[in-house]
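Notes for the one structure printed next.
As the structure is a prediction and not an experimental result, all values here were calculated from the model. Just so we're on the same page: letters track the sequence lines, and every chain starts at 1. Heavy-atom basis, side chains included; hydrogens, waters and symmetry copies ignored.
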Amino acid sequence: DQQVKQNSPSLSVQEGRISILNCDYTNSMFDYFLWYKKYPAEGPTFLISISSIKDKNEDGRFTVFLNKSAKHLSLHIVPSQPGDSAVYFCAASWGSNYKLTFGKGTLLTVNP
Amino acid sequence: ETGVTQSPTHLIKTRGQQVTLRCSSQSGHNTVSWYQQALGQGPQFIFQYYREEENGRGNFPPRFSGLQFPNYSSELNVNALELDDSALYLCASSAGTALNSPLHFGNGTRLTVT
């Protein structure tokens with residue numbers, strides 16, 4: 001039973017355009033959501049997070065939107081750059097920063 | 001500051017053997033979490049250690065065990081290895097267990113069980 005789902009295994013975007021990565025969750029107990037980026041042969045790197053009391057959090061080119069009623073969150077990257085090409089993992093938690101539940105990831109390719 | 005380091009980077013073991021993976025946490029971090037990432041999957045939580053005590057565990061059998069040392073480094077031990085234990089094992093450290101303490105991951109140990 002996958003509680004965090006990233007239904008798009010891959011996404012290809014042109015440099016300068018917007019990248020939108022989606023994530024759905026089923027467990028209504030989740031109250032904290034994170035996005036991690038992973039390059040090959042490296043560990044995941046924290047990107048941005050959002051608490052369930054907010055519906056938007058922005059950090060530079062990265063914005064995360066949370067729709068609690070739909071149990072859906074999305075990561076927007078504007079403008080996309082070739083260096084953004086990586087696997088992006090959505091993760092969720094409740095009560096603590098540990099026991100993160102991850103999705104399977106979406107491979108983003110930004111073409112020059 | 002030194003990041004999270006894991007050793008070894010790659011390891012090949014035979015079914016039934018035992019393995020120990022090691023992790024040095026980032027400077028100033030007192031919490032270590034271990035995750036298993038199977039091929040094509042997201043990382044799955046194994047357990048967390050905070051100040052040398054286990055502070056939460058995922059759905060892994062008891063043959064997965066761990067330790068945290070006074071310098072906050074950590075070990076993951078797996079006994080009676082099975083083929084399905086083949087995966088990337090990720091260690092992550094954080095400056096506490098609060099939600100605003102993001103996990104900082106190491107590059108992982110790739111374990112292959114034959």
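- Looking at Ile46(B), neither its backbone nor its side chain comes within 4.5 Å of chain A, counting heavy atoms on both sides.
- For Gln44(B), no part lies under 4.5 angstrom from a heavy atom of chain A.
- Every residue was checked against the side chain to side chain donor-acceptor pair (under 3.5 Å) condition with Ser25(B), not counting sequence neighbours, and none meets it.
- In Lys13(B), the NZ atom is crowded: over 12 heavy atoms of neighbouring residues, nucleotides or ligands sit closer than 6.0 Å.
- Across all their heavy atoms, Glu42(A) and Asn107(B) have their closest contact at CA-OD1, 3.4 Å.
- Residue with the most contacts toward chain B among Gly43(A), Ser49(A), Ala91(A), Cys90(A): Gly43(A) (heavy-atom pairs, distance under 4.5 Å).
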Can you list, pair by pair, the side-chain donor-acceptor contacts under 3.5 Å of residues 105-112 of chain A, counting residues two or more places apart and other chains?
unit_1: Thr106(A); atom_1: OG1; unit_2: Ser8(A); atom_2: O; d: 2.6
unit_1: Asn111(A); atom_1: ND2; unit_2: Ser12(A); atom_2: OG; d: 2.8

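- Under the 4.5 Å side-chain criterion, counting only non-hydrogen atoms from C-beta, Gln37(B) is in contact with Phe89(A).
- Within 6.0 Å of the CG atom in Asn71(B), the count of heavy atoms belonging to other residues, nucleotides or ligands exceeds 12.
- The most heavy-atom pairs under 4.5 Å with chain A, out of Gly56(B), Gly58(B), Pro43(B), come from Pro43(B).
- Residue-environment remark: CZ (Arg63(B)) exceeds the threshold of 12 foreign heavy atoms within 6.0 Å.
- Here the shortest heavy-atom pairing between Arg57(B) and Lys99(A) reads O-NZ, 4.0 Å.
- Checked against a 6.0 Å centroid threshold, the rings of Tyr36(A) and Phe105(B) count as neighbours.
- Within 6.0 Å of the CZ atom in Arg61(A), the count of heavy atoms belonging to other residues, nucleotides or ligands exceeds 12.
- Ring pair Phe102(A)/Phe45(B): centre-to-centre distance not below 6.0 Å.
- When heavy atoms are compared at a cutoff of 4.5 Å, Arg110(B) does not approach chain A at all.
- Counted within 6.0 Å of CG on Leu83(B), heavy atoms from surrounding residues, nucleotides or ligands total more than 12; the atom is thus considered enclosed.
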